[in-house]
Asker: 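The structure's right below; bear with me while I get my questions together.
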Amino acid sequence: MPAEPDRNADADTLTPTADILTAERAYLAEARAALRRMRERAEAQSDNMAADWVSQQVLSFQLGQRVIALADHPDTPLFFGRLDHDDQPRDLPGTLYVGRRHVHDDEGLPLVIDWRAPVSRAFYQAGPKDPMGLALRRRFGYHGGELTAFEDEPMDGRELGPSRILTEEIERPRTGPMRDIVATIQPDQDELVRADLRRTVCVQGAPGTGKTAVGLHRAAYLLFTHRERLSRSGVLIVGPNRAFLSYISSVLPALGEVRVSQATVADLLGSPTADDDAEVATLKGDARMAAVLRKALWLQVRKPEEGLLFVKGASRYRVPDHEVREVAASLRGTTRYGSGRAAFAQRLAHLVLVRMEQRGEAPDDRVQDAVARSAPVKRLVDQIWPKVTPAQVLFRLLTDGGYLADAAKGVLSGEEQALLSRRTPGRSHRSAKWSAADLALLDELTDLVDRTPSLGHLVVDEAQDLSAMQLRALGRRCSTGSATVLGDLAQGTTPWSARSWEEVLRHLGQEGAVTELTLGFRVPREVLDYAARLLPSIAPGLGAPRSLRTGSGALHVRAVHRIEEAAVQACREALERPGSIGLIVADAAVPAFAQALAHAGLDHGVLGPESDGADRLLVIPAALAKGLEYDHVVVAEPAAIVAAEPRGQARLYVVLTRAVTSLTVLHTGALPAALA
């Protein structure tokens, strides 16, 4: 199809624009029909081709996943761009359509190229200075799944200015879960998405810069590019809470990736059954605790006080105590505790076999294994190298002052040791109640006993809020792989929040460059500038974020007399406009505001740690707002949000930057000084 001189066109313009739209709609219908046939063929494939039951189950699961991945979402564009090349690419047509997944016709010829394919890179990176072999780039506008407009960008060196379709897609109201940004990825985001699997990427992203979307799309890109490898080793997305994971849950399936696991830190380490105060939790989360735990575990190995006597029939074989000590000393601290214990038994058995050989016997490996499992060897191993559980070690560490003093000598001060013993976890390790900080310590001990399996790739969002010990726990899960680390130091709301990304990467055990995204696409400039007034006090080392969206009239700050009544009215006004509404309040105030909305007859939901947040109007505790976004945000009583926690100003910065269309701030008392 020849390119038209008009850059912007829609269904109301005259021919030949209307003819082009008609032709493109026909092509879309053809591509959808081809995708439907691809799915039907996948459904028709039989899993009975496998030779045995296990293989049948595996094949059946794989076919099921293939069918799910080929689902056609009618309200989602199948393709969003078109590339016309100066020179026809090898083995490909000169005109390529770029979309969310590959689609081919019955002869195997491509109708839509997956956005992750190398040839699709030009859609995101080509420009007047480097057309990358393109003559024309065309973007498509959609309403639901219906193609309604197109926009041409001739690659002839002309600067055409902002794309209307791109801008409208970025600013489109978002109700419900997070959508993919595959049609709007910017060049700097694309560089991060397509980074090599071996490279760990760390993104410091201001609000609205798309850092979460970059992480999710990078996971999709890596799965496409390294399908076989990552299908074996796995990819995991780690988010701050279940509400956040629910919010992002639709992104990867929309891109055809249905085998990516999502979890919170609590899902990986366990759910806490107790709480620590901030001072204790901060100490337990300190990286120095790794050295304390390691020493505490190896203190379990005792000094041998006797040798080994092994009896076989009429023969007696002795290993003197000094040789037993040498074996224990050679293994102590050089391996994991569990494998060291097993190796200790084998080493003792080997010394017995040496004595057998000295008497002219010819024992083999089976004899050595039998000796290692014999009662005398097991008894001596239990005395010197006892079998322990992580819970036993940690319980003793927190309840036995002498044991803690030995383990923490030269690492923690006396005051810090006393602080660790402030809360007794229970009467025994079996009935102990563990805090979130304790669970990270238990995970460290578990790895010291037996190695933690590693994934191929790990995506960690809001990483700035994790303690050093939690980061170590996540790092173990990508020790032989790589990671995508996402966050914003200015949004650190825990007492142990990271102060630098180099520190985060060090605790993860990863090396990588830090990329800073400061140009926002979602939060209006007026809103972002207002929130940025808090930056000098919460993150003085960060540059102020910038927004591409002017957002005139997006910010309203009102002093009111009755806060709940004013919040109801602000929500009522927001409901008259398209998009989602979030009423964000201090956690303790949630019931009162929810009740006020109910009395006013406004349908709403209350966002909880396990809720999906599907309601159009939500009452949101400030502690759960991180990572989420709403078209219209109403913030009630900012000073109460600040006063609710030690890093309350950082929490308020998070809350103020959740809006993508309008922000209304309501207050009865004085605003925080930076905002006044």
Side-chain angles (χ1 to χ4, degrees), residues 101-102 113-125 132 180-182 185-205 209-239 248 251-252 255-263 265 268 287 447 451-464 466 468 470-487 498 500-517:
R101 59 176 58 84
H102 175 85
I113 300 294
D114 195 295
W115 67 275
R116 297 165 288 187
V119 72
S120 299
R121 191 169 185 268
F123 180 77
Y124 302 103
Q125 294 289 343
M132 299 178 69
D180 64 75
I181 62 163
V182 66
I185 293 174
Q186 300 301 295
D188 56 343
Q189 295 174 326
D190 185 64
E191 292 287 352
L192 295 169
V193 166
R194 295 177 190 269
D196 188 82
L197 174 61
R198 294 167 295 181
R199 176 185 163 196
T200 285
V201 169
C202 181
V203 181
Q204 156 61 39
T209 54
K211 57 183 178 295
T212 296
V214 165
L216 295 173
H217 286 71
R218 186 178 184 218
Y221 171 78
L222 292 177
L223 283 163
F224 175 84
T225 309
H226 306 278
R227 178 76 61 193
E228 184 175 348
R229 177 176 174 180
L230 290 179
S231 64
R232 295 193 305 268
S233 57
V235 175
L236 175 66
I237 312 290
V238 178
I248 68 171
V251 175
L252 288 172
L255 300 175
E257 300 299 342
V258 294
R259 289 184 289 177
V260 179
S261 300
Q262 296 183 347
V265 172
L268 298 176
D447 184 69
R451 185 184 298 275
T452 303
S454 176
L455 296 159
H457 193 75
L458 183 72
V459 179
V460 187
D461 208 343
E462 305 298 348
Q464 77 281 344
L466 300 174
Q470 289 173 326
L471 288 168
R472 287 175 61 87
L474 295 181
R476 286 189 285 276
R477 287 159 173 81
C478 61
S479 58
T480 60
S482 57
T484 300
V485 184
L486 312 165
S500 76
W501 289 113
E502 290 74 17
E503 172 189 329
V504 169
L505 291 172
R506 183 173 68 254
H507 295 318
L508 277 172
Q510 295 284 334
E511 294 182 357
V514 180
T515 301
E516 187 171 359
L517 299 179

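Bear in mind that the values here come from a model prediction, so they are computed numbers and not experimental data.
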Asker: Give the C-alpha distance, both sets of side-chain angles, the deciding distance and a yes or no for side chain to side chain contact (heavy atoms under 4.5 Å, CB included) between Leu474 and Leu268.
Answerer: CA-CA 9 Å; Leu474 295 181; Leu268 298 176; 3.6 Å; yes

Asker: Who pairs with Arg472 by salt bridge (Lys or Arg N to Asp or Glu O under 4.0 Å), at least two apart in sequence or on another chain?
Answerer: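 Residues passing salt bridge (Lys or Arg N to Asp or Glu O under 4.0 Å) with Arg472: Glu444.
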
Asker: Restricting to side chain to side chain donor-acceptor pair (under 3.5 Å), what partner residues turn up for Ser454, sequence neighbours left out?
Answerer: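 Here the qualifying residues are Thr480.
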
Asker: What's the separation between atom CZ in Arg194 and atom CZ in Phe224, rounded to the nearest 0.5 Å?
Answerer: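 Between Arg194 CZ and Phe224 CZ, I get 9.0 Å after rounding to 0.5 Å.
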
Asker: Considering non-hydrogen atoms only, spot the tightest contact between Leu222 and Ala195 and give its length.
Answerer: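 Scanning both residues, the minimum pair turns out to be CD2-O, 3.8 Å.
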
Asker: What residues, two or more places apart in sequence or in another chain, satisfy ring-ring contact (aromatic ring centres under 6.0 Å, His included) together with Phe123?
Answerer: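 With sequence neighbours excluded, Phe123 shows a ring-ring contact (aromatic ring centres under 6.0 Å, His included) to Phe80, given in chain and number order.
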
Asker: Show me the pairs that pass side-chain hydrogen bond (donor to acceptor under 3.5 Å, both in side chains) and involve residues 213-223, at least two apart or across chains.
Answerer: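 Residue pairs with at least one partner in residues 213-223: Arg218-Thr484.
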
Asker: How many angstroms lie between CD in Gln464 and OG in Ser500, if you round to the nearest 0.5 Å?
Answerer: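 The CD atom of Gln464 sits 12.5 Å away from the OG atom of Ser500.
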
Asker: Output a table of donor-acceptor pairs, distance under 3.5 Å, between side-chain atoms of residues 502-510 and any protein atom two or more places apart or on a different chain; print 'none' if there are none.
Answerer:
{"from": "Gln510", "atom 1": "OE1", "to": "Thr200", "atom 2": "OG1", "distance (Å)": "2.7"}
{"from": "Gln510", "atom 1": "NE2", "to": "Cys478", "atom 2": "O", "distance (Å)": "2.9"}

Asker: If you take all heavy atoms of Trp501 and Val203, which pair is closest and at what distance?
Answerer: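 Distance-wise, the nearest heavy atoms are CZ2-O, 4.5 Å.
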
Asker: Can you list the residues that meet the side chain to side chain contact (heavy atoms under 4.5 Å, CB included) rule with Ala219, with sequence neighbours excluded?
Answerer: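 Result, side chain to side chain contact (heavy atoms under 4.5 Å, CB included) vs Ala219: Val235, Ile237, Val459.
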
Asker: To the closest 0.5 Å, what do you measure between CD1 (Ile248) and CG (Leu216)?
Answerer: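 Atom-to-atom, Ile248:CD1 and Leu216:CG are 4.5 Å apart.
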
Asker: In this structure, are over 12 heavy atoms from other groups packed under 6.0 Å from Arg227 atom CZ?
Answerer: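 Correct, the count exceeds 12.
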
Asker: Compare every heavy atom of Ile113 with every heavy atom of Ser120, then report the nearest pair and how far apart it is.
Answerer: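 Closest pair (atom of Ser120, atom of Ile113, distance): OG-CG2, 3.3 Å.
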
Asker: How would you list, by chain and number, every residue that makes a side chain to side chain contact (heavy atoms under 4.5 Å, CB included) with Ala220, sequence neighbours excluded?
Answerer: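 By the side chain to side chain contact (heavy atoms under 4.5 Å, CB included) rule, Ala220 matches Trp115, Arg116, Leu252, Leu255, Glu257.
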
Asker: Taking side chain to side chain donor-acceptor pair (under 3.5 Å) as the definition, give me every residue that meets it alongside Ser482, ordered by chain and number, with sequence neighbours left out.
Answerer: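 Per chain and number, Ser482 pairs via side chain to side chain donor-acceptor pair (under 3.5 Å) with His457.
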
Asker: Could you work out, with side chain to side chain contact (heavy atoms under 4.5 Å, CB included) as the rule, every residue matching Gln125, not counting sequence neighbours?
Answerer: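 For Gln125, the residues satisfying side chain to side chain contact (heavy atoms under 4.5 Å, CB included) (neighbours in sequence not counted) are Arg121, Met132, Pro187, Asp190, Glu191.
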
Asker: Which atom names give the shortest non-hydrogen contact between Ile185 and Tyr124, and what distance separates them?
Answerer: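 In terms of heavy atoms, the two residues are closest at O-CD2, 3.4 Å.
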
Asker: Not counting sequence neighbours, which residues clear side chain to side chain contact (heavy atoms under 4.5 Å, CB included) with Ala513? List them please.
Answerer: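 In terms of side chain to side chain contact (heavy atoms under 4.5 Å, CB included), with neighbours along the sequence ignored, Ala513 is linked to no residue.
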
Asker: What residues, two or more places apart in sequence or in another chain, satisfy side chain to side chain donor-acceptor pair (under 3.5 Å) together with Thr452?
Answerer: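 With neighbours one apart ignored, the set is Asp447.
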
Asker: Would you call Leu517 and Leu192 a side-chain contact if the rule is heavy atoms closer than 4.5 Å?
Answerer: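 The answer is yes; the side chains approach within 4.5 Å.
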
Asker: After noting the C-alpha distance and the side-chain angles of Thr225 and Leu197, does the key distance pass the side chain to side chain contact (heavy atoms under 4.5 Å, CB included) rule?
Answerer: CA-CA 9 Å; Thr225 309; Leu197 174 61; over 6 Å; no

Asker: Under the rule for side chain to side chain donor-acceptor pair (under 3.5 Å), what residues qualify as partners of Thr212, not counting sequence neighbours?
Answerer: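 Counting only residues at least two positions away or on another chain, Thr212 forms a side chain to side chain donor-acceptor pair (under 3.5 Å) with Asp461.
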
